[in-house]
Engineer: 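Would you mind keeping the following structure in view while I ask a few things?
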Amino acid sequence: MSSPDPQVHEPDDAENRPEHGDSAPGVRQPRNHAGHRRNSPVIAVTGAASGIGAALVRRLAASDEVKQVVAIDERRGDCAAAQWHVLDVRDPAIAEKLRGSDVVVHLALDLDLETDPAARTAYNVRGTQTVLTAAAAAGVHRVVLCTSAMVYGALPDNDLPLSEDSELRATAEATGVGDLLEIERLGRRAPRAHPGLNVTVVRPAVLVGGTDTALTRYFESPRLLVVAGSRPTWQFCHVEDLVSALEYAALEKVEGELAVGCEGWLEQDEVEELSGIRRMELPSAVALGAAARLHRIGLTPSPAGDLAYTMHPWVVSVSRLHAAGWRPRWTNEEVLAELLQEVAGRHTVAGRRLGRKDATAAGAAGATVALLGAAAVVRRARRRRGI
C-alpha cells in the first residue's frame, strides 16, 4: 500500500494478547510440522521500507516471539534489527531471499491514485504471483496477503455487518479493487498449486493514518457528497490496528480470511455531526454521470465506481480476530477525528476552477470538488443565457 510511513503506537501485549484456545473458528496455535508449538519464527515482509510494511517490521523486530525479520523492498529501510534485501518483488531471485523464512507478509502493493492504472495492475498482480511462487519454492509454509474490505463490494442489500465468509461481490470499477480481487484469486489458487503453502488474507476497512485514498479524500472537500436515496455507513481501520492484526496473522495466532476494523460503524448523520461538514446531496444519475465524465477526461483521479463506497454499506465483522484475542485500540470516532486532523487545511477548494490540475487533489471519492465546480460552471452558463 503506497502511503507515508505511519508512526505506530505499540499496544500493550497484556491488553491485546489474551490467552486463547484451539477451538475457536479461524484460531490456531502455531505448530511446526512435528506437531510441536512453533517458537520464534522467521518472518519476511515485502514492501518493508515504508508505510505499513515499515511499521510491521519495527513491531516484529521488537517482539520476543520473532526470531528474525527479513525485510524486502526496492530500498533499504531504517530498521537496523531486520535483515535487508534490496530488490523488486517481481524479481524471481526473491525465492532465494525467502529461503529459511517461515512466514511471508506481502505488503508491496501500489494503490496510489496517481499511478497509471495499467502499470499499477502489472506491478500488483505480477508481484503477488512472484511472491507466492517464490514462497512455495523457498519452503515457506504461510503467506499473509493484505487487500481491503472493499472486495466485498458496496451494495444496498449488504448485511450489517458482513461476515468474513460473505461473497466477494465487488467489481473492478473502483480504484485498485480489480487488482485486489485478482490478488485474492491468486491467494485462493496458491494452496492448490503449491500443496503445503497456506494463505491468510487480511481485509481492512477504510484505512486511516498517513494514507491517501479515494475514501480519505472524501473528507477533504467543503461538503460531503451524499447521493440521494443512498445509505452511507462508515467503518474505519487505523493503521496501528492493521499492523497489530498483521502481527497476529504472521505469528499464526489466526488464519483464513480476516476483516479488520473498529467496532461497529457510523451513519452518515453521525459523520456529519462529528466532522462539522455539511452534506451536498445530488441525484444518483447526476453524481455518477458527472463523476464518470470528469474521470474520463482526466479531471479527477478516481473513477465513478469509488462513489459506491460512499453510498452503500460495506461494514465488516471482525469475529475471527476477536476469537483470537485481538481487539482494536481505536474507535470509529477517534479515527475520524485523526483523519480530520490529517486533512485539515490540506486542500482549499473555494474559488478553484474545475480545469486547474490541482483541483483533482481534493474531492469526495475524487468527485465532489469537480462536481461543485461543474455545478458552478452550469449556473454561470445559465445566468449568461438568461435561463
Side-chain angles (χ1 to χ4, degrees), residues 1-11 13 17 30-33 36-110 123-124 126-146 187 190 194 196-200 202 210 239-240 242-253 255:
M1 294 187 168
S2 298
S3 62
D5 193 2
Q7 295 299 310
V8 175
H9 173 74
E10 299 293 346
D13 285 350
R17 299 174 187 166
R31 302 179 186 278
N32 64 16
H33 297 299
H36 301 294
R37 187 177 178 84
R38 177 182 297 278
N39 292 315
S40 301
V42 176
I43 300 175
V45 179
T46 68
S50 63
I52 296 162
L56 180 62
V57 165
R58 290 195 299 269
R59 187 180 180 97
L60 294 174
S63 172
D64 293 335
E65 299 180 74
V66 178
K67 180 179 181 180
Q68 177 68 55
V69 179
V70 177
I72 298 172
D73 209 323
E74 294 178 56
R75 66 177 178 85
R76 186 183 177 90
D78 58 8
C79 182
Q83 176 184 336
W84 285 91
H85 297 294
V86 179
L87 80 165
D88 189 313
V89 292
R90 295 169 293 182
D91 186 341
I94 195 173
E96 187 58 35
K97 310 305 182 186
L98 295 178
R99 200 166 301 281
S101 296
D102 300 295
V103 178
V104 176
V105 184
H106 178 48
L107 299 174
L109 296 180
D110 181 3
Y123 177 82
N124 291 336
R126 181 60 179 166
T128 303
Q129 286 175 326
T130 304
V131 167
L132 288 167
T133 302
V140 172
H141 67 264
R142 182 171 302 279
V143 174
V144 179
L145 302 176
C146 185
H194 308 289
L197 180 67
N198 296 297
V199 176
T200 294
V202 179
V239 291
E240 294 175 8
L242 174 58
V243 168
S244 69
L246 288 168
E247 180 189 30
Y248 258 66
L251 291 173
E252 302 184 79
K253 297 179 178 181
E255 62 183 5

Engineer: Determine the minimum heavy-atom distance between Arg99 and Ala137, stating which atoms define it.
Structural biologist: NH1-O, 3.6 Å
Engineer: So, taking the atom named CD in Glu255 and the one named OG1 in Thr200, what distance separates them when rounded to the nearest 0.5 Å?
Structural biologist: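 So the gap between those two atoms works out to 6.0 Å.
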Engineer: How far apart are the closest heavy atoms of Ala190 and Val199, and which atoms are they?
Structural biologist: CB-CG2, 4.1 Å
Engineer: Looking at CD1 of Ile52 and CG of Leu242, how far apart are the two atoms once the value is rounded to the nearest 0.5 Å?
Structural biologist: 5.0 Å
Engineer: Please identify each residue that fulfils salt bridge (charged side-chain N to carboxylate O under 4.0 Å, His left out) with Glu74, with sequence neighbours left out.
Structural biologist: none
Engineer: Holding to side chain to side chain donor-acceptor pair (under 3.5 Å), I want the full list of residues that pass it with Asp88, two or more places apart in sequence or in another chain.
Structural biologist: Arg90
Engineer: Would Val89 and Thr130 satisfy side-chain contact (heavy atoms from CB on, under 4.5 Å), going step by step from the backbone distance to the final call?
Structural biologist: CA-CA 7 Å; Val89 292; Thr130 304; over 6 Å; no
Engineer: Using the salt bridge (charged side-chain N to carboxylate O under 4.0 Å, His left out) criterion, which residues pair with Arg126? Sequence neighbours excluded.
Structural biologist: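 Salt bridge (charged side-chain N to carboxylate O under 4.0 Å, His left out) check on Arg126 returns nothing, list empty.
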Engineer: Which side-chain N or O atoms in residues 66-73 pair as donor and acceptor under 3.5 Å with protein atoms at least two apart or in another chain?
Structural biologist:
residue : atom : partner : partner atom : Å
Asp73   : OD2  : Ala48   : N            : 3.1
Asp73   : OD2  : Ala49   : N            : 2.8

Engineer: What pair of heavy atoms forms the shortest contact from Glu247 to Leu60, and how long is it?
Structural biologist: CG-CD2, 3.9 Å
Engineer: So His85 and Leu98, side-chain contact (heavy atoms from CB on, under 4.5 Å) or not? Walk me through it.
Structural biologist: CA-CA 10 Å; His85 297 294; Leu98 295 178; over 6 Å; no
Engineer: Check Asp64 against Ser40 and note the closest heavy-atom contact, atom names and distance.
Structural biologist: O-OG, 4.2 Å
Engineer: Working to the nearest 0.5 Å, report the span between CZ of Arg142 and CG of Asp102.
Structural biologist: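 It is 11.0 Å, given to the nearest 0.5 Å.
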Engineer: Between Ala61 and Cys79, what is the shortest heavy-atom contact and its length?
Structural biologist: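 Of all heavy-atom pairs spanning Ala61 and Cys79, the closest is CB-SG, 3.8 Å.
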Engineer: Where is the tightest heavy-atom contact between Gly53 and Leu107, given as atom of each residue plus distance?
Structural biologist: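 That would be CA-CD1, 3.6 Å.
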Engineer: Just how far is it from atom CG of Leu87 to atom CD of Glu96, taken to the nearest 0.5 Å?
Structural biologist: 11.5 Å
Engineer: Tell me every residue that passes side chain to side chain donor-acceptor pair (under 3.5 Å) with Ser101, counting only those two or more places apart in sequence or in another chain.
Structural biologist: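 Ser101 satisfies side chain to side chain donor-acceptor pair (under 3.5 Å) with no residue once adjacent residues are dropped.
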Engineer: Could you tell me which residues satisfy side chain to side chain contact (heavy atoms under 4.5 Å, CB included) with Asn124, sequence neighbours excluded, listed by chain and number?
Structural biologist: Leu109, Asp110, Leu111, Arg120, Asp179, Ile183
Engineer: About how many Å separate CD of Glu65 and CD1 of Ile43, when rounded to the nearest 0.5 Å?
Structural biologist: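 If I round to the nearest 0.5 Å, the distance is 9.0 Å.
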Engineer: Do Val103 and Glu252 make a side-chain contact, defined as non-hydrogen atoms from C-beta onward lying under 4.5 Å apart?
Structural biologist: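 Yes - at least one pair of side-chain heavy atoms lies under 4.5 Å apart.
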